[in-house]
Amino acid sequence: VTRRAKSVVEVRQSTDPVSSLLDDARAVALTDNLPQDVASRVVPGFCRAAVEAACMESVRRRRLAKGKTHDEVEGLLESNAKLYPLIALALFDDESRTNDVMVRLKKMGSFDSRGRPLAQDGQWAIDAFTVCKMGPHERHEGELGSLIDNSKRLAQAIQGLA
Amino acid sequence: VSGGHETVAREILASARRLLDRASTETSGLWPRAAVLLQRQALEVALKTYWSFKAPGVEECSTRAQFLCLGTYLREPSAEPLARRAHQAWAALSRAAHFHPYELPPTREELAAWSEVVMEVVEATERGWR
């Protein structure tokens with residue numbers, strides 16, 4: 001739900017936050033109403049939010065399954081809101097292992113459209129993570145479609161973590 | 001500085017403003033996050049441009065440190081309060097840029113208020129280096 005001037009309310013049907021944010025990223029990249037410069041400045045921020053949402057979902061599911069309370073889990077997420085500790089929590093269940101994040105991403109395989117592994121080179125994951133980390137502060141000079149695709153693969157890989 | 005008459009910071013902020021003012025089916029629902037991201041970039045570009053003219057290297061410091069320095073460097077009576085408000089706006093924009101599962105996106109009024117602070121910073125920093 002968003003609210004415009006004079007209390008005009010916009011309501012959208014949404015599935016899950018990760019898909020919604022990635023759909024938004026693609027909509028921004030494709031819309032004719034926005035100059036390309038604007039899309040290049042905005043899309044990385046949507047991709048980062050999608051990866052953040054995937055990390056939160058993974059951490060929440062794992063911690064709740066271990067018997068932690070909702071309060072504890074939300075408190076943990078709130079105090080690790082920055083991307084590095086958040087993804088470390090998602091990957092290792094340990095927010096302090098930020099130095100291991102890139103090594104773990106490098107080991108992420110490539111998957112086909114049905115989620116089957118294709119290779120063991122996670123450079124795409126490193127590229128997506130790097131843009132998600134710094135991209136929201138600047139204009140992304142690369143191709144937006146592949147950024148969105150790689151962010152989606154990264155988000156899905158994180159969602160699939162046990 | 002862009003090739004035209006407008007600076008990059010002003011162009012980015014104008015793009016954010018258009019998202020606030022013009023409803024469109026293509027940007028329905030996504031315009032608050034897009035506006036947040038653009039406003040924060042406009043603020044950061046204004047700071048970066050200012051430091052590149054006035055004190056190269058300061059842009060590498062933390063954003064908090066940059067706002068503290070800005071209050072001193074801008075030789076205007078209202079510089080320190082402006083720097084404080086700008087830091088608050090930057091922090092609010094940064095919070096809004098992250099994903100928060102239980103929070104509504106910022107309202108148009110909140111975004112318009114942050115936009116005004118960013119414009120004040122753009123104007124003050126441009127007076128400093130032009």
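Order of the sequence lines fixes the chain letters, A, B, ..., with proteins taken first and strands second; residue numbering starts at 1 for each chain. Only this structure's heavy atoms are used, side chains among them; waters, hydrogens and symmetry mates stay out. Please read these numbers as outputs of a predicted model, since none were measured by experiment.
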Under 4.5 Å from a heavy atom of chain B, the part of A:L21 involved: side chain

Segment of A:A53 engaging chain B (4.5 angstrom heavy-atom cut-off): both

Any residue of residues 88-98 of chain B which, by heavy atoms, sits under 4.5 Å from chain A: B:R95, B:A97, B:H98

Salt bridge flag under 4.0 Å for residues A:K107 and A:D121: no

B:Y73 atom OH, over 12 foreign heavy atoms within 6.0 Å: no

Residue selection (most heavy-atom pairs with chain B, distance under 4.5 Å) from A:K82, A:R139, A:R60: A:R60

Note: A:R26-A:D149 ion pair, threshold 4.0 Å (strictly below): yes

Ion pair check, A:R97 and A:D94, cut-off under 4.0 Å: no

Aromatic ring pairing B:F53/B:W129, orientation class (parallel under 30°, perpendicular over 60°, tilted between): parallel

Which atoms of A:E138 approach chain B - backbone, side chain, both or neither, heavy atom under 4.5 Å: backbone

Under 3.5 Å donor-acceptor, A:S79 side chain and A:G75 backbone: yes

Top contributor to chain A contacts, counting heavy-atom pairs under 4.5 Å, from B:V36, B:L19, B:L37: B:L37

Charged N-O contact under 4.0 Å between A:R62 and A:D93: yes

Any residue of residues 34-43 of chain A which, by heavy atoms, sits under 4.5 Å from chain B: A:L34, A:V38, A:R41, A:V42

Side chain proximity check, A:E52 to A:R48, heavy atoms < 4.5 angstrom: yes

